[in-house]
Protein chains: 2
Amino acid sequence: MSNSTPATIEDVARIAEVSIATVSRAIHMPEKVANSTRLKVNQAIAITGYTTNAMARSLRLGRSNMILVVAPDIGDPNFSNILVGLENEARAHGYGILIGHTQNDAQRGLEYLKFLNSNQAAGLILFTGILPFGHQTMTARLPPSVGVFEPVFNGGIPYVGVDDTEGARKAVDLLLAEGHRKIAFIGDSRTRLAYTRRRMGYDAGLDAAGISPDNRIVLEGDGTIESGRHAVEQLFMRDTLPTAFMCVNDQTAIGVMVGLGARGYDIPRDFSVTGFDDVPQAVFISPPLTTIRQPRTAIGKQAMALLLELLSDGRPTETEILLRPDLVVRNSVSAPSRNWSKR
Amino acid sequence: MSNSTPATIEDVARIAEVSIATVSRAIHMPEKVANSTRLKVNQAIAITGYTTNAMARSLRLGRSNMILVVAPDIGDPNFSNILVGLENEARAHGYGILIGHTQNDAQRGLEYLKFLNSNQAAGLILFTGILPFGHQTMTARLPPSVGVFEPVFNGGIPYVGVDDTEGARKAVDLLLAEGHRKIAFIGDSRTRLAYTRRRMGYDAGLDAAGISPDNRIVLEGDGTIESGRHAVEQLFMRDTLPTAFMCVNDQTAIGVMVGLGARGYDIPRDFSVTGFDDVPQAVFISPPLTTIRQPRTAIGKQAMALLLELLSDGRPTETEILLRPDLVVRNSVSAPSRNWSKR
DNA sequence: ATGATGTATGTAAAGGTTTACATAAGGCCC
DNA sequence: GGGCCTTATGTAAACCTTTACATACATCAT
């Protein structure tokens, strides 16, 4: 059957000697069709190699079987594993994944909006932490959407991610348990919800340990390696130094380690460092980084499951599913060796 | 105009007081329509917020504006950067990217084949190095396709990637220049075309240096970290050891370094190691890995450009576009310190 | 004035589905 | 045997475009 044009439902109907309506029913509502007929149809499908034309189907149904996934940066090491989870779950339900990356450019976001408007995607997964569509869009027009990895700032969109506060708490508690009392928090941008939440974990841990706010050092940056390096430089300008650096993410932590290394310090002997995310590099840098693991594949899977549920129910839930963060202990933390406060 | 159902071409036609054919022409063949009319249509489009329904368009045209990208593993560190290149180029031409990963499972491949058969994708980008569809598919049915990163084994599909042979040659020449004479090549599977080609570079370099085949050590594996570690163990069983390990990819090189480290050797003092790919980790491991860089974004961009060209021309070119590999020198190579052959 | 040529627009069909509605047949009850 | 319900199938419309073909009008050469 190596026909040049693919078989249509009509070809199947002709061979099975039934109407096209029956063929459609045999495929999508098999219980509505007599056993004998279903058999004939299935044979005809096998003979012709028929597969339903997704375009025609989506057109008729007014809804596609694609999910648009928008991320600021496809290359982000966190991204790919979540994508695996998303993709697996989507495929299992007959959906495909359409991907786009905005590079934090609103113009780009708008271009992807077209995929939505033109009915090419039935749902939206957002990695961006923000609706990347400027103000042209009212949320009303958006298809069912789920934020992932980073809570969505505007728009009141359900979110699946790690419990940032609890994760940060685990990190700070480890540092505390090792005996650290002067712990710096190296954050990224205050506009990121993840920052705020991790910071909350940091503060809560320090509160519980009875460490006064005066003894806390909090810096902001942009979450890059460079930003971590820069934070170290800033801190060395001051008259007090922490004994430990608790970083908002692994990139920052790597930057901190680079900065400290450049000044000739040894980690964890001289300073302890923790990260957050457990990116693949974390295990390769030296020393291997003690950090908080994001269950990325699970996050992807659950986010997609939630979206698919929204898609069938239509119920506009505003949920937040928080997954448990795990502390992964490697070699970047030890007890404080000396008190840097007075040097 | 926050209407619940999106505007159709008919809404636009009514407002602009023209026929739907004219609207369609005003959009797609503006020169065929009078200036005054075009103006009216554009205004009507602005008022209604109309965007073309991609489903209807694709159905009518018999061709979608999606490109299917199939990779064995989305999480592969090589993948994401190529994807960036692919995506940028696609978007610039109004195409979207549909992604799938097979995990080397033929069943999975078949599932993606459905996207193709159901007309949801106009073209195919293959990362898999092999047509992942078992034998059910004759190439005739495949849409325009381009292999990327890994030459496609079966199917005679155009390919865009790095020049493996030249890259390997650069690595072996560096090792030779440092004075190494006993260089082991740690490969992966002989079925991978990339292996064969890199191996050719290795042999060519050694030939040129007048090193006889007896003095070459070649091992095979599966390209994983574990496989690199295993290769080291195997070599220590033998009575001759190389002074340098030239690895088919960075993963293997990392494994080799781990294996050597576990035995207490220092790199590059005791042994030199080179990789291939320049994955993001390569810079973080210690010592940072000297390797061959794949111009990933450029590969993606060119592959997509080629595919788009195929899509419009229809000309079934069987090309191979080989990009220049760059040697990136870090710290895993130095002159051989002693001769391990007789220990 | 006539016919030819060219330009701008309209009409209607086609693309492959799904599904509301119509029809037909079979079984059952009285 | 007639009416009624159930089950299985068919008919045809609708989803929204694009485009071949038809039409209408203007321009121009003769």
Side-chain angles (χ1 to χ4, degrees), chain A residues 3-42 44-45 48-66 94 114-120 122, chain B residues 3-42 44-45 48-66 94 114-120 122:
Chain A
N3 213 331
S4 63
T5 61
T8 73
I9 202 171
E10 236 165 316
D11 299 326
V12 176
R14 197 174 326 109
I15 294 184
E17 298 176 303
V18 295
S19 73
I20 60 169
T22 301
V23 175
S24 180
R25 276 189 289 254
I27 296 171
H28 299 289
M29 337 151 78
E31 74 286 354
K32 286 280 183 190
V33 93
N35 283 333
S36 57
T37 314
R38 190 168 49 235
L39 202 69
K40 281 193 298 179
V41 170
N42 286 338
I45 289 178
T48 54
Y50 169 77
T51 51
T52 84
N53 180 316
M55 294 310 167
R57 175 158 218 262
S58 298
L59 173 60
R60 177 61 233 241
L61 260 35
R63 175 165 58 85
S64 89
N65 62 150
M66 291 291 147
K114 282 180 193 157
F115 283 123
L116 263 22
N117 285 342
S118 63
N119 273 335
Q120 285 191 89
Chain B
N3 214 333
S4 63
T5 60
T8 73
I9 202 172
E10 234 165 319
D11 300 325
V12 176
R14 195 173 331 109
I15 294 184
E17 298 177 302
V18 295
S19 74
I20 60 169
T22 301
V23 174
S24 180
R25 276 188 288 253
I27 296 172
H28 298 290
M29 335 152 78
E31 74 286 355
K32 286 281 182 188
V33 94
N35 283 333
S36 56
T37 315
R38 190 166 51 235
L39 203 68
K40 282 193 297 179
V41 170
N42 286 339
I45 289 178
T48 54
Y50 169 77
T51 51
T52 307
N53 181 317
M55 293 311 167
R57 174 158 220 260
S58 299
L59 173 60
R60 179 61 233 245
L61 259 36
R63 174 166 59 85
S64 90
N65 63 149
M66 291 291 146
K114 281 179 195 160
F115 283 123
L116 263 23
N117 285 341
S118 64
N119 273 333
Q120 286 192 86

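A, B, ... follow the sequence lines: proteins, then strands. Residue 1 opens every chain.
The backbone N or O of B:Val33 lies less than 3.5 Å from no partner atom in the side chain of B:Arg25, so there is not a single donor-acceptor pair.
Following rounding to the nearest Å, A:Glu31 (CD) and D:dA8 (C1') show an atom-to-atom distance of 13 Å. D:dA20 atom C1' lies 13 Å from atom NZ of B:Lys32, rounded to whole Å. To the nearest angstrom, P of D:dC15 lies 11 Å from CG of B:Asp11. In this entry the distance linking CD of B:Glu10 with P of C:dA12 reads 13 Å, nearest Å. Regarding B:Ile9, its CD1 atom lies at a distance of 14 Å from the C1' atom of D:dC15, rounded to whole Å. Counting to the nearest Å, the P atom of C:dG10 and the CD atom of B:Glu17 are 10 Å from each other. One interatomic measurement links the two molecules: CE of B:Met29 to C1' of C:dT7, which rounds to 13 Å at whole-angstrom precision. Between A:Ile27 atom CD1 and C:dT19 atom P there is a gap of 12 Å when expressed in whole angstrom units.
Evaluated for a side-chain contact (heavy atoms from CB on, under 4.5 Å) with B:Tyr50, the options B:Ile9, B:Val41, B:Asp11 yield exactly one hit, B:Ile9.
In the set D:dT18, D:dT19, C:dT17, C:dT17 carries the atom at the smallest distance from any side-chain atom of A:Ala56. Between D:dT9, C:dT19, C:dA12, one nucleotide has an atom nearer to the side chain of A:Leu61 than all others, and that is C:dT19. For A:Leu59, taking side-chain heavy atoms from C-beta onward, the closest of the listed nucleotides D:dT9, C:dT18, C:dG16 is C:dG16. Nearest nucleotide to the B:Ala34 side chain, out of C:dA8, C:dG16, C:dT18: C:dA8. Of the candidate nucleotides D:dT18, C:dG10, C:dA20, C:dG10 has the atom lying nearest to any side-chain atom of B:Thr22. The B:Asn53 side chain lies nearest to D:dC16 when the options are C:dG10, D:dT9, D:dC16.
Side-chain contact check for B:Pro6 versus B:Thr51: every heavy-atom pair is 4.5 Å or farther apart. A:Ile27 has its side chain out of reach of A:Ser24: every pair of non-hydrogen atoms, C-beta onward, lies at least 4.5 Å apart.
Both B:Met55 and A:Arg57 lie close to DNA chain C; mapped to their nearest nucleotides by heavy-atom distance, the more 5′-ward contact belongs to B:Met55.
Contact check, A:Thr8 against C:dG15: no side-chain N or O comes under 4.0 Å of OP1 or OP2. Residue B:Ser19 places none of its side-chain N or O atoms closer than 4.0 Å to OP1 or OP2 of C:dT11. Side-chain nitrogen and oxygen atoms of A:Arg25 include none within less than 4.0 Å of the OP1 or OP2 phosphate oxygen of D:dA8.
Residue B:Arg60 places no side-chain atom within donor-acceptor reach of the base of D:dT17, judged by atom type and a 3.5 Å distance cut-off alone.
As judged by a 4.0 angstrom heavy-atom cut-off over every strand, A:Thr37 is placed among residues touching the sugar-phosphate backbone only.
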Criterion side-chain contact (heavy atoms from CB on, under 4.5 Å) on B:Val18 and B:Val23, from CA distance to verdict
CA-CA 7 Å; B:Val18 295; B:Val23 174; 3.8 Å; yes
